[in-house]
S.K.: 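Below is a structure I'd like to ask you about.
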Amino acid sequence: MNPWIEAIRLRTLPASIAGVIGGSACAIFYDSFKWLPALCCMLFALGAQIAANFANEYFDFRNGIDKKGREGFRRGVTEGDISPAAMLRAVIITLIISAIPGCALVIWGGWQMIPIGIIIAIFALAYSTGPYPLSRKGLGDIAVLIFFGLVPVILTAWLQNHSSSMLIITIPVGIGIGLLAVNILIVNNYRDYESDRTVGKKTTVVIFGRRTMSGAYLISAIIGCLLLCTPACIFGWEYILPAVMIPSAVKNWRLLKSSEGKALNDLLRRTGIVLLKASLLLLLESIVFILIHS
């Protein structure tokens with residue numbers, strides 16, 4: 001595979017897409033969907049995640065976290081496929097490109113969107129670098145919950161409908177999507193447990209152990225899917241479609257417990273698919289709901 005494509009980490013991109021889908025679904029339940037701000041949110045979220053992935057590769061190489069021959073994504077910089085300077089340029093260029101749709105959100109959200117976008121960009125970098133890199137201090141899971149769950153869901157919905165009443169569904173949906181996104185990180189860190197422990201990278205898997213975090217994976221999957229059913233429950237809708245992903249999530253949990261090394265790379269994809277499908281089912285549910293009740 002092309003080293004740049006590998007650096008993008010396609011298997012993890014559902015994490016950024018799902019939050020925008022979830023926020024848009026919430027807006028649809030309130031009959032206030034606007035496709036243009038939703039599209040800008042999607043492009044900004046994708047750009048921010050790709051920039052974060054590039055930055056993670058660059059700074060982990062610079063700080064000696066990555067080693068050649070690792071079992072996870074092939075690290076182009078570490079393996080010599082991509083020069084460190086080229087990867088750093090890619091980080092900067094990707095952030096600039098993602099800032100274009102980000103700045104466009106000023107149209108619907110006002111000038112306060114500028115500092116919000118800057119904060120998101122800072123945390124995209126703070127995940128891997130800075131005086132307190134979150135990914136190496138056991139805070140990566142919390143960062144994912146907030147910036148791949150709560151922030152994109154609440155922000156996307158608010159840009160389409162400036163009503164605080166939407167928080168009754170955007171908060172649980174944001175937490176639900178965030179928990180399902182955290183599971184992608186758990187699989188990644190579960191696979192890298194030995195190498196992370198060797199270099200002193202304190203992920204939650206290193207801190208709490210594989211057994212505990214495999215249990216956390218199952219709990220996050222079930223609670224995450226159930227929280228995505230919140231809008232249907234509140235609006236009195238008889239269908240809770242996201243819950244149908246629970247059996248797939250349980251199957252993935254069993255694979256997590258019985259797999260190791262490179263075999264877990266496919267589980268990353270499977271975990272991302274559960275997240276994406278659950279968010280799409282929520283979107284479908286919202287569309288059917290509004291069509292029936294309009």
Side-chain angles (χ1 to χ4, degrees), residues 1 5-22 45-46 49-50 52-53 56 70-74 127 134-135 138 140-150 152-153 173-193 195-196 203-206 208-229 241-283:
M1 182 181 292
I5 298 297
E6 190 77 12
I8 290 173
R9 304 179 193 176
L10 296 176
R11 300 180 188 93
T12 69
L13 293 187
S16 57
I17 296 172
V20 177
I21 292 174
L46 280 169
Q49 184 182 357
I50 293 171
N53 289 343
N56 180 251
R70 68 192 300 273
E71 294 178 323
F73 300 102
R74 180 178 174 85
Y127 182 82
L134 303 177
S135 65
D141 304 65
I142 295 175
V144 168
L145 175 64
I146 294 172
F147 287 97
F148 286 92
L150 284 166
V153 170
V173 167
I175 294 173
I177 286 178
L179 288 173
L180 293 175
V182 165
N183 276 354
I184 296 176
L185 182 61
I186 289 176
V187 174
N188 185 80
N189 293 339
Y190 194 96
R191 180 201 61 212
D192 295 341
Y193 171 75
S195 59
D196 287 343
T203 65
T204 51
V205 179
V206 171
F208 299 109
R210 280 177 166 170
R211 183 176 180 180
T212 298
M213 293 311 295
S214 68
Y217 180 99
L218 178 62
I219 293 170
S220 292
I222 294 174
I223 294 178
C225 289
L226 291 177
L227 284 174
L228 294 189
C229 299
L241 296 182
V244 305
M245 294 309 302
I246 291 178
S248 295
V250 172
K251 182 179 179 180
N252 287 345
W253 167 68
R254 289 174 178 156
L255 287 172
L256 178 66
K257 294 198 302 176
S258 61
S259 304
E260 59 182 40
K262 292 184 178 181
L264 290 168
N265 288 336
D266 186 60
L267 186 56
L268 274 174
R269 179 185 63 83
R270 290 173 177 267
T271 302
I273 287 174
V274 167
L275 168 59
L276 185 58
K277 284 186 176 180
S279 64
L280 287 172
L281 286 170
L282 174 61
L283 180 64

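Sequential numbering from 1 along the given sequence is applied to the chain's residues.
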S.K.: I'd like to know if the side chain of Asn265 pairs up with that of Arg191 as donor and acceptor (distance under 3.5 Å, no hydrogens or angles considered).
M.R.: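 Side-chain D/A pair, Asn265 to Arg191: present.
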S.K.: How many angstroms lie between CG in Leu185 and OG1 in Thr12, if you round to the nearest 0.5 Å?
M.R.: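 OG1 of Thr12 is found 10.0 Å from CG of Leu185.
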S.K.: For Leu228 and Ala278, which heavy atoms make the closest approach, and how far apart are they?
M.R.: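 Answer, listing the atom of Leu228 first, then Ala278: CD1-CB, 3.7 Å.
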S.K.: Excluding sequence neighbours, so at least two apart, what forms side chain to side chain contact (heavy atoms under 4.5 Å, CB included) with Leu276?
M.R.: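 Result, side chain to side chain contact (heavy atoms under 4.5 Å, CB included) vs Leu276: Pro14, Ile17, Ile21, Ser279, Leu280.
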S.K.: Provide the closest heavy-atom pair for Val153 versus Gly22 in the form atom of the first, atom of the second, distance.
M.R.: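 Here Val153 and Gly22 meet closest at CG1-C, 4.3 Å.
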S.K.: How far apart are the closest heavy atoms of Leu134 and Ala143, and which atoms are they?
M.R.: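 Answer, listing the atom of Leu134 first, then Ala143: CD1-CB, 3.9 Å.
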S.K.: Would you check, one step at a time, whether the test side chain to side chain contact (heavy atoms under 4.5 Å, CB included) holds for Arg270 with Leu255?
M.R.: CA-CA 10 Å; Arg270 290 173 177 267; Leu255 287 172; 3.9 Å; yes
S.K.: Ser248: what forms a side chain to side chain contact (heavy atoms under 4.5 Å, CB included) with it, not counting sequence neighbours?
M.R.: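 Met245, Val274.
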S.K.: If every non-hydrogen atom of Arg210 is compared with every non-hydrogen atom of Tyr190, which pair is closest and at what distance?
M.R.: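 Closest pair (atom of Arg210, atom of Tyr190, distance): NH2-O, 3.1 Å.
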S.K.: If you round to the nearest 0.5 Å, how far is CD1 of Ile186 from CZ of Phe208?
M.R.: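 The distance works out to 11.0 Å.
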S.K.: Short question: side chain of Thr212, backbone of Gly209 - any donor-acceptor pair under 3.5 Å?
M.R.: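 Between the backbone of Gly209 and the side chain of Thr212 there is no qualifying donor-acceptor contact (under 3.5 Å).
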S.K.: Between Leu275 and Ile184, does the side chain to side chain contact (heavy atoms under 4.5 Å, CB included) criterion hold? Intermediate values first, please.
M.R.: CA-CA 9 Å; Leu275 168 59; Ile184 296 176; 4.1 Å; yes
S.K.: Do Leu281 and Val244 touch side chain to side chain, with heavy atoms closer than 4.5 Å?
M.R.: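 Yes. Closest side-chain heavy atoms under 4.5 Å.
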S.K.: Sequence neighbours left out, cut at 3.5 Å: what donor-acceptor pairs do the side chains of residues 215-225 make with other protein atoms?
M.R.:
from	atom 1	to	atom 2	distance (Å)
Tyr217	OH	Thr271	OG1	2.8
Ser220	OG	Ala216	O	3.0

S.K.: Can you tell me how far the CG atom of Leu282 sits from the CG atom of Leu227, to the nearest 0.5 Å?
M.R.: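 Rounded to the nearest 0.5 Å, the CG-CG separation comes out at 11.5 Å.
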S.K.: Working to the nearest 0.5 Å, report the span between CG of Asp141 and OG1 of Thr204.
M.R.: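 Atom-to-atom, Asp141:CG and Thr204:OG1 are 3.5 Å apart.
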S.K.: What residues form a salt bridge (charged side-chain N to carboxylate O under 4.0 Å, His left out) with Arg254, not counting sequence neighbours?
M.R.: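 Checked Arg254 against salt bridge (charged side-chain N to carboxylate O under 4.0 Å, His left out); zero matches.
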S.K.: Rounded to the nearest 0.5 Å, how far does CG of Asn183 lie from CG of Leu268?
M.R.: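 The CG atom of Leu268 sits 11.0 Å away from the CG atom of Asn183.
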S.K.: Heavy atoms only: give me the nearest Ser135-Asn56 pair and the separation to one decimal.
M.R.: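 Answer, listing the atom of Ser135 first, then Asn56: OG-ND2, 4.4 Å.
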S.K.: By side chain to side chain donor-acceptor pair (under 3.5 Å), which residues pair with Arg269, not counting sequence neighbours?
M.R.: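 Scan of Arg269 (side chain to side chain donor-acceptor pair (under 3.5 Å), adjacent residues dropped) gives Asp266.
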S.K.: Side chain to side chain donor-acceptor pair (under 3.5 Å) with Ser16: which residues, sequence neighbours excluded?
M.R.: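 With sequence neighbours excluded, Ser16 shows a side chain to side chain donor-acceptor pair (under 3.5 Å) to Gln49, given in chain and number order.
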S.K.: Working to the nearest 0.5 Å, report the span between CG of Asn53 and CG of Leu13.
M.R.: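 Rounded to the nearest 0.5 Å, the CG-CG separation comes out at 7.0 Å.
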